[in-house]
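Written out below as structure tokens is the structure these notes cover.
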Amino acid sequence: MQAGRMDKRVDLQSATSSQDATGQPIRTWATYATVWAAVEPLKGRELMYARQAGYEAEVRVTIWYRSDLDPKHRVVVNGTAYEITSVIDPEMGHVTLELMCKATS
């Protein structure tokens, strides 16, 4: 991965729980890191293969490796929140992570 391709700033967020005025649990998201990333919409063929693998990915977000990220988190790109469906460490090299993501509803 060339550093120049990571030209977007994205927010990594984790869920936090709290309660509303009536005591009902509510889930909010808090940004814990802002990082450089390459964001690529998946092409039709890649999307088809992603669906066969058991998830519906819409974008691939590539970031520098970090150990504190898993599918419980989400990524925000230009104000759009994406659920992380898979975290891939290519070749298990601990250099970059590929996050397969779909837009949240």
Side-chain angles (χ1 to χ4, degrees):
M1 169 60 65
Q2 296 175 338
R5 291 189 60 217
M6 292 192 191
D7 60 351
K8 305 272 188 292
R9 294 294 274 173
V10 301
D11 294 326
L12 304 178
Q13 296 186 334
S14 60
T16 58
S17 295
S18 60
Q19 293 182 347
D20 65 13
T22 63
Q24 296 297 314
I26 55 172
R27 182 163 104 173
T28 58
W29 292 91
T31 298
Y32 69 90
T34 300
V35 300
W36 289 104
V39 180
E40 307 166 83
L42 291 182
K43 297 175 181 80
R45 175 176 281 176
E46 290 175 298
L47 183 57
M48 182 180 73
Y49 289 137
R51 285 185 179 143
Q52 289 175 355
Y55 52 84
E56 181 180 356
E58 293 178 354
V59 296
R60 177 188 300 123
V61 178
T62 304
I63 63 171
W64 295 114
Y65 180 85
R66 21 183 339 125
S67 60
D68 61 348
L69 193 60
D70 62 45
K72 291 183 247 175
H73 298 108
R74 74 178 188 179
V75 178
V76 178
V77 179
N78 294 329
T80 301
Y82 292 92
E83 174 186 339
I84 300 172
T85 58
S86 181
V87 177
I88 302 166
D89 181 0
E91 301 175 20
M92 298 171 67
H94 297 336
V95 176
T96 60
L97 290 177
E98 290 183 358
L99 311 175
M100 306 306 282
C101 304
K102 66 178 181 177
T104 60
S105 50

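Quick caveat: nothing in here was measured; it's all calculated off a predicted structure.
- In terms of hydrophobic clustering, with Ile, Leu, Val, Met, Phe, Trp and Tyr side chains grouped at heavy-atom distances under 4.5 Å, Trp36 and Val95 are assigned to a common cluster.
- Separating the CE atom in Met100 from the CD1 atom in Ile84 is a distance of 12.0 Å, to the nearest 0.5 Å.
- When the side chains of ILVMFWY residues are joined at heavy-atom separations under 4.5 Å, either directly or via intervening members, Val77 and Leu12 end up in a single hydrophobic cluster.
- Every residue two or more places apart in sequence or in another chain that forms a side chain to side chain donor-acceptor pair (under 3.5 Å) with Asp20 is listed here: Thr22.
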Subject >> CA sep, side-chain torsions, deciding dist, call: Val75, Val39, side chain to side chain contact (heavy atoms under 4.5 Å, CB included) >> reply: CA-CA 11 Å; Val75 178; Val39 180; over 6 Å; no
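- Remark: Glu98 pairs with Arg60, Thr62, Ile88, Pro90 by the side-chain contact (heavy atoms from CB on, under 4.5 Å) rule, at least two apart or across chains.
- Between Arg66 and Val35, the closest heavy-atom pair is NH1-CG1, 3.5 Å.
- Using a 4.5 Å heavy-atom threshold, the side chains of Val87 and Pro71 count as touching.
- In this structure, the side-chain contact (heavy atoms from CB on, under 4.5 Å) partners of Thr28, at least two apart in sequence or on a different chain, are Thr16.
- Annotation: side chain to side chain donor-acceptor pair (under 3.5 Å) contacts of Ser18 (sequence neighbours excluded): none.
- Listed here is the closest heavy atom pair of Tyr32 and His73: CE2-CD2, 3.6 Å.
- Atom CD of residue Glu83 and atom NZ of residue Lys102 lie 4.5 Å apart, to the nearest 0.5 angstrom.
- The hydrophobic clustering, which links ILVMFWY residues whose side-chain heavy atoms are closer than 4.5 Å, places Ile63 and Val59 together.
- If you take OG1 on Thr80 and CZ on Arg74, they are separated by 10.5 Å, rounding to the nearest 0.5 Å.
- The shortest non-hydrogen separation linking Glu58 to Ala103 is OE1-N, 3.1 Å.
- Between Leu99 atom CG and Tyr82 atom OH the span is 12.5 Å, to the nearest 0.5 Å.
- Partners of Asp70 by salt bridge (charged side-chain N to carboxylate O under 4.0 Å, His left out), not counting sequence neighbours: none found.
- With sequence neighbours excluded, the residues satisfying side-chain contact (heavy atoms from CB on, under 4.5 Å) with Ser67 are Tyr65.
- Evaluation of the side-chain contact (heavy atoms from CB on, under 4.5 Å) rule for Thr34 yields Arg9, Asp11, Thr31 as partners, not counting sequence neighbours.
- Between Met6 and Thr96, the closest side-chain pair of non-hydrogen atoms falls below 4.5 Å.
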